[in-house]
Amino acid sequence: MSHTWDRATTCYSPMGKWDSENDESATHKYKKRYSTTAILGKRLFSDEFDENDEQEGTKHQPIPVSPDVQILGEKSFNGSCSSMVNTTDNLYNMKLSLGTSSSGKENLPPKRITHPSKWLSSPYDHNERGPLQPHEIELHRGIVALSKVEPHRSKVVVLIDKTTLFLGQLGDSFGATSHVEAYVFNVFCQMLFRENHPRRSKTHYFFTTLGDYFLENWKSEEGRREMKRKALRNFNGAGKALPLHESDRIFFPSVHAEHWFLFVVDIIARKFVFLDSYYEGNTPFHIGIRDLMINNFIKTWEDSNLRGMGFTKFGVEYPNMPKQIGSDACGIFALNWMQTWASRNPLQRQFTMNDVVDARVRFAVDILFSIHNT
């Protein structure tokens with residue numbers, strides 16, 4: 001028995017014959033459908049209909065029937081989109097040799113690049129405060145002038161949580177070509193702590209004495225023991241505001257050979273980051289102190305009986321930051337990075353030497369007139 005398809009009714013006809021009732025109406029229907037279908041202004045089929053067309057097959061030469069098709073499964077449109085997105089993320093992370101982002105407790109590497117690149121930076125200036133105002137310039141001029149005159153020079157003008165700063169120290173640190181003093185960094189750490197509590201910022205800022213301890217800047221065994229005692233006390237005290245292992249980043253402003261740099265323990269990125277405005281990571285300056293600082297930090301962490309974080313497996317990063325011109329701007333760069341550095345934001349605004357002059361004015365005014373200065 002031959003088998004053909006009934007073209008008029010689109011149904012299978014086991015007898016190989018046309019259905020006489022539907023033949024005429026179906027022919028008219030198909031003729032109308034195809035003759036009026038247009039693509040880009042042209043008809044898809046001609047108006048003429050060939051009634052002698054024998055493409056449906058004959059008794060002796062039937063149209064071969066294709067094998068059965070087995071449906072193995074189906075996927076919705078949303079499911080397909082989700083699968084492609086996940087595949088893209090995995091390929092991207094594999095290319096960068098990075099993992100998925102974490103909340104800090106799992107200590108997984110971030111998806112994003114650890115340090116910013118100038119080619120990925122935003123072309124816009126993200127300084128929300130805008131240019132300096134005339135009153136800020138006048139205040140800075142008065143601070144620098146009074147800091148050179150006794151008895152004003154020896155007056156305590158900043159007091160934030162028992163951390164003090166003399167007017168002479170403030171003016172000497174933010175003059176036109178001044179070198180920032182360590183007391184300014186300590187007051188600035190307290191100001192950042194008050195402005196954005198560690199429970200919100202997930203960030204800790206430590207005094208310069210911690211950097212001195214990591215660099216082993218003691219003169220005697222008694223001095224070493226005293227510095228160690230202060231370091232452990234600072235670690236335990238900071239943990240009362242937010243346990244150190246729950247923080248994202250820990251900042252240690254440090255000075256070596258009269259040069260300021262920033263030592264950052266980036267817990268969420270599993271990196272030890274050195275931010276330096278003058279020296280590169282492969283220079284003798286950092287080769288001599290890098291392992292010293294990292295090992296002493298790990299030792300202090302362990303002596304404080306804090307949760308193990310696998311610091312021995314952390315990488316070391318020296319981001320390619322804009323460099324200073326001269327030898328007096330390193331402290332200004334370090335202060336700015338303490339305030340703005342975000343290791344997982346490749347679009348963050350970069351601080352350059354062109355910003356140093358205005359930054360000296362703004363830092364001096366902000367510290368003196370901070371709402372936390374009692």
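Taking every heavy atom of both residues into account, G171 and S147 meet most closely at CA-OG, 3.5 Å. Contact detail for S173 and E181: the closest heavy-atom pair is OG-N, 3.1 Å. Between F206 and A238, the closest heavy-atom pair is CZ-CB, 3.6 Å. Closest heavy-atom contact between V365 and E136: CG2-O, 3.7 Å.
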Stepwise side-chain contact (heavy atoms from CB on, under 4.5 Å) test for R270 and F311: CA-CA 8 Å; R270 298 178 63 83; F311 288 123; over 6 Å; no
side-chain contact (heavy atoms from CB on, under 4.5 Å) evaluation trace for Q190 with H372: CA-CA 9 Å; Q190 287 299 121; H372 306 291; over 6 Å; no
C330/S277 under side-chain contact (heavy atoms from CB on, under 4.5 Å): CA gap, chis, key distance, verdict: CA-CA 6 Å; C330 55; S277 61; 3.8 Å; yes
side-chain contact (heavy atoms from CB on, under 4.5 Å) assessment of I143 paired with F174: CA-CA 9 Å; I143 292 170; F174 296 111; over 6 Å; no
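To the nearest 0.5 Å, atom CG of residue L192 and atom NE2 of residue H197 are 13.0 Å apart. Rounding to the nearest 0.5 Å gives a distance of 10.0 Å between CD1 of I160 and CZ of F188. Between atom CE of residue M227 and atom OG1 of residue T209 there is a gap of 7.0 Å, rounded to the nearest 0.5 Å. Considering CG of D328 and NE2 of H179, their distance stands at 7.5 Å, rounded to 0.5 Å. To the nearest 0.5 Å, the span separating CG on L215 from CG on L210 amounts to 11.0 Å. In this structure, OG on S254 lies 9.5 Å from CZ on F185, to the nearest 0.5 angstrom.
R224 places none of its side-chain heavy atoms less than 4.5 Å from the side chain of R229. The shortest distance between side-chain heavy atoms of F274 and E317 does not fall below 4.5 Å. Taking the side chain as every heavy atom from C-beta outward, M353 and V356 approach each other to under 4.5 Å. At a threshold of 4.5 Å between non-hydrogen side-chain atoms, the residues V255 and D212 count as touching. You'll find the side chain of R194 stays beyond 4.5 Å of the side chain of S370, heavy atoms only. Within the 4.5 Å cutoff, the side chain of W341 has heavy atoms near those of the P319 side chain. Side-chain atoms of F251 and H204, non-hydrogen and from C-beta on, never get closer than 4.5 Å to each other. Under the 4.5 Å side-chain criterion, counting only non-hydrogen atoms from C-beta, F235 is in contact with T300.
Environment of CD in E258: sparse, with no more than 12 heavy atoms of neighbouring residues, nucleotides or ligands closer than 6.0 Å. More than 12 heavy atoms of other residues, nucleotides or ligands sit less than 6.0 Å from atom NZ of K323. Around the OH atom of Y183, the shell of radius 6.0 Å holds no more than 12 heavy atoms that belong to other residues, nucleotides or ligands.
No side-chain donor-acceptor contact under 3.5 Å links D161 to the backbone of T163. Using modelled atom types, no side-chain atom of D266 and backbone atom of K271 make a donor-acceptor pair closer than 3.5 Å. In this structure, N295 contributes its side chain and D291 its backbone to a donor-acceptor pair below 3.5 Å. Without hydrogens or angle criteria, N236 side chain to R233 main chain gives no donor-acceptor distance under 3.5 Å. Using modelled atom types, one side-chain atom of S154 and one backbone atom of P151 make a donor-acceptor pair closer than 3.5 Å. Looking at S201, its side chain does come within 3.5 Å of a backbone N or O of T203 through a donor-acceptor pair. Checked by atom type and distance alone, the side chain of W301 pairs as donor or acceptor with a backbone atom of R307 at under 3.5 Å. Side-chain atoms of N296 come within 3.5 Å of backbone N or O of L292 as a donor-acceptor pair. Under the 3.5 Å distance criterion, the side-chain polar atoms of N336 are left unmatched by any main-chain donor or acceptor of I332. Side-chain atoms of Q133 come within 3.5 Å of backbone atoms of P131 as a donor-acceptor pair (strictly under, hydrogens ignored).
Note on ring orientation: taking the six-membered ring where Trp is involved, the planes of F285 and F261 are perpendicular (angle over 60°, cut-offs 30° and 60°). In this pair, F214 and F252 present their aromatic rings perpendicular. The plane angle is above 60°, beyond the 30 to 60° band. Using cut-offs of 30° and 60° on the angle between ring planes, the pair F263 and F297 is perpendicular.
Salt-bridge annotation for R225 and E222: absent, with no side-chain N of the basic residue lying under 4.0 Å from a carboxylate O of the acidic one. Salt-bridge check for R153 with D172: passed, with a basic side-chain N closer than 4.0 Å to an acidic carboxylate O. Between E246 and K202, none of the side-chain N atoms (NZ, or NE/NH1/NH2) sits under 4.0 Å from a carboxylate O, so this pair counts as no salt bridge. Between K299 and E302 there is no salt bridge, since none of the side-chain N atoms of the basic residue sits less than 4.0 Å from a carboxylate O of the acidic one.
No single ILVMFWY cluster, assembled from side-chain heavy atoms under 4.5 Å apart, contains both L146 and L159. Taking hydrophobic clusters as Ile, Leu, Val, Met, Phe, Trp and Tyr residues chained together by side-chain heavy-atom distances below 4.5 Å, I289 does not share a cluster with I287. V149 and L139 fall into different hydrophobic clusters, where Ile, Leu, Val, Met, Phe, Trp and Tyr are joined by side-chain heavy atoms under 4.5 Å apart, directly or via other members.
Between the side chains of H256 and N217, no donor-acceptor pair is found at a separation under 3.5 Å.
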